[in-house]
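Down below is the structure, laid out as structure tokens.
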There are 2 protein chains.
Amino acid sequence: MSLQPAYCYVYPHPAVTTDVVVFTIRGQRLEILMIRRRSEPFRGSWALPGGFVDIDEDLEACALRELAEETGVRGVYLEQLYTFGAPGRDPRERVISVAYYALTRSDRLQMRASSDAAEVAWFPVSALPPLAFDHAHMIGFAHRRLTAKLDYSTIAFQFMPETFTLGELQRVYEALLGEGLDKRNFRKRILALDRVEPTGGLRRNGSHRPARTYRLKDPGRVEIIR
Amino acid sequence: MSLQPAYCYVYPHPAVTTDVVVFTIRGQRLEILMIRRRSEPFRGSWALPGGFVDIDEDLEACALRELAEETGVRGVYLEQLYTFGAPGRDPRERVISVAYYALTRSDRLQMRASSDAAEVAWFPVSALPPLAFDHAHMIGFAHRRLTAKLDYSTIAFQFMPETFTLGELQRVYEALLGEGLDKRNFRKRILALDRVEPTGGLRRNGSHRPARTYRLKDPGRVEIIR
DNA sequence: TCAAAAGTGTTTGCTATACACCCATGA
DNA sequence: TCATGGGTGTATAGCAAACACTTTTGA
């Protein structure tokens with residue numbers, strides 16, 4: 001049994017999809033969540049998770065649903081990135097894609113393959129495979145936005161687990177910026193934001209002095225600073 | 001003769017529109033370009049210029065075309081703002097709207113009514129009429145983005161005509177920020193950007209000392225500063 | 001006792017702000 | 001000559017960057 005076209009309009013309508021660029025930090029590297037496509041077009045290529053918007057579904061809900069269905073990833077910080085709509089970006093029909101980006105804690109990942117995606121994997125931003133559609137372009141866009149937001153928001157905290165040390169936080173910033181930071185200035189700046197508080201606990205991690213652990217005062221909230 | 005539905009799909013497709021928030025400065029006030037709708041829904045209401053994306057048309061091209069068709073305004077600085085897609089935001093069918101915002105020189109306006117719009121008019125941001133759809137929401141979004149960008153880009157130069165005085169530029173900034181600025185500090189900061197140069201000419205304008213006129217070194221270019 | 005990361009203040013340069021008077025013109 | 005906006009410099013405070021040593025632990 002094959003589906004017959006059943007939804008008709010006086011004027012042609014484009015299809016609308018969402019795609020999501022999910023960032024995490026793993027092993028001090030910035031990585032992106034990708035799926036391998038099981039169907040045409042670009043069958044076998046790596047692509048961003050995403051898919052068609054249901055006719056009564058909010059755009060952000062669509063992004064979250066596709067992400068969960070295709071990769072099992074949930075509970076991320078999501079923000080709209082940009083809408084890509086160049087004619088010809090999808091060979092099947094006119095497809096306009098509303099791109100989102102997301103940040104997640106590397107300890108929260110519950111990845112699984114699904115019916116839509118043959119495989120799910122993380123790739124370092126610096127070593128991406130060839131990608132389907134204009135997804136490489138989207139990732140470039142998302143990466144620039146992320147690094148820009150580092151400077152004037154508390155977005156980087158979204159990468160952190162429940163409790164963390166200031167050293168761990170600094171290593172996240174260093175991975176994102178691609179450069180080393182001065183420890184004293186970094187700690188001064190972070191504590192001045194008044195967004196983290198000590199848990200009172202210590203973390204023992206190797207043969208050296210244990211580190212105080214901190215938690216976010218208001219997890220999930222991303223503030224614009226300055 | 002009425003049109004019969006002629007474009008059919010296996011799955012339902014939303015309609016896609018663009019809407020444009022055009023800002024200008026007139027009489028030291030920030031104003032927005034609006035049209036009065038000639039057709040349902042919201043017939044007779046004020047709305048942003050905009051309309052349906054042609055099936056092979058780029059999104060930005062659509063925004064520029066609708067703007068020109070409905071208002072006669074051309075040659076503006078355009079930037080994508082956000083995509084609004086809540087189900088129910090249009091009572092006819094599911095409509096996803098890619099919103100743009102634009103800045104234009106108040107001396108460049110060639111407004112005219114057209115078949116789609118009964119009337120075209122400027123409204124001060126501080127005194128908008130009731131608006132169709134979620135357009136008031138879009139304008140709030142655009143206004144916040146504009147004022148945020150003032151701080152870290154040269155976007156305000158897009159409001160200026162070919163030649164202008166530093167006093168005129170300062171009045172534009174003051175209208176946008178809603179507060180007075182120190183003249184000396186303002187001129188120091190603007191000149192330090194190295195984006196304007198004196199034309200060598202003077203502008204006589206009332207019974208006081210004439211002002212030097214300036215031009216943009218690179219008109220159209222908007223730079224991120226800091 | 002050694003290696004390794006945690007933790008801690010001060011100095012310095014730069015940038016943003018506050019602030020007041022003379023100039024050139026037309027009425 | 002008066003009213004009006006044009007044009008100019010300096011002093012100060014606050015913020016960002018540079019910089020080195022002691023502490024605590026496990027091996």
Side-chain angles (χ1 to χ4, degrees), chain A residues 25 27-28 147-148 150-154 156 160-161 163-215 223-226, chain B residues 25 27-28 147-148 150-154 156 160-161 163-215 223-226:
Chain A
I25 305 267
Q28 307 201 39
T147 50
L150 273 193
D151 279 346
Y152 65 90
S153 81
T154 57
M160 305 312 291
T163 68
F164 53 89
T165 69
L166 294 184
E168 287 162 358
L169 183 61
Q170 183 173 347
R171 268 168 259 131
V172 166
Y173 268 89
E174 288 172 340
L176 291 166
L177 296 170
E179 63 182 4
L181 298 173
D182 180 84
K183 202 203 309 183
R184 282 169 292 187
N185 292 336
F186 178 79
R187 297 163 88 92
K188 216 183 308 172
R189 200 165 63 244
I190 294 297
L191 295 175
L193 291 176
D194 195 34
R195 292 290 318 278
V196 299
E197 59 189 3
T199 62
L202 294 176
R203 176 161 307 165
R204 245 160 267 269
N205 184 32
S207 57
H208 53 81
R209 180 170 173 175
R212 284 200 264 266
T213 59
Y214 290 79
R215 72 168 75 88
E223 256 175 342
I224 302 301
I225 51 187
R226 246 192 316 180
Chain B
I25 305 268
Q28 308 202 38
T147 49
L150 273 193
D151 278 347
Y152 65 90
S153 81
T154 57
M160 305 313 290
T163 68
F164 52 89
T165 70
L166 293 184
E168 287 162 359
L169 183 60
Q170 183 173 345
R171 267 168 259 131
V172 166
Y173 268 89
E174 287 171 341
L176 291 166
L177 295 170
E179 62 182 5
L181 299 173
D182 180 86
K183 202 202 308 183
R184 281 169 293 190
N185 292 337
F186 179 78
R187 298 163 88 92
K188 215 184 307 172
R189 199 165 66 244
I190 294 297
L191 295 175
L193 292 175
D194 194 34
R195 292 290 320 280
V196 299
E197 59 189 3
T199 62
L202 294 177
R203 175 162 307 165
R204 244 161 269 270
N205 184 32
S207 59
H208 52 81
R209 178 171 174 176
R212 285 200 264 265
T213 59
Y214 290 80
R215 72 168 73 89
E223 258 175 340
I224 303 300
I225 51 187
R226 252 195 310 180

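In what follows, every chain begins at residue 1, and chains take the letters A, B, ... in the order their sequences are listed.
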Can you find a side-chain donor-acceptor pair between A:Thr154 and A:Arg195 that sits under 3.5 Å? yes

Whole-Å distance separating the CG atom of B:Asn185 from the C1' atom of D:dG7: 14 Å

Rounded to the Å, how far apart are A:Arg209 CZ and D:dT25 P? 8 Å

Per A:Pro210 side chain, nearest of listed nucleotides D:dT4, D:dC19, D:dT25: D:dT25

Candidate nucleotides D:dT25, C:dA6, C:dA24, ranked by approach to the side chain of A:Arg171 - the nearest: C:dA6

Once hydrogens and angles are ignored, does a donor-acceptor distance under 3.5 Å link the base of [N] to the side chain of [X]?
X	N	answer
A:Lys183	C:dA6	yes
B:Lys188	D:dT10	yes
B:Arg184	C:dA20	yes

Could you pull out the closest heavy-atom pair between A:Ala156 and A:Leu176, with the gap in Å? CB-CD1, 4.1 Å

So does A:Arg204 get a side-chain nitrogen or oxygen closer than 4.0 Å to the phosphate oxygens (OP1/OP2) of C:dA4? no

Distance test, side-chain N/O of B:Arg212 to OP1/OP2 of D:dT8, below 4.0 Å: yes

Would you mind reporting whether B:Thr163 and B:Arg203 have side-chain heavy atoms less than 4.5 Å apart? yes

Sequence neighbours excluded, the answer for ring pair (Phe, Tyr, Trp, His ring centres under 6.0 Å) partners of A:Phe186 is A:Tyr173

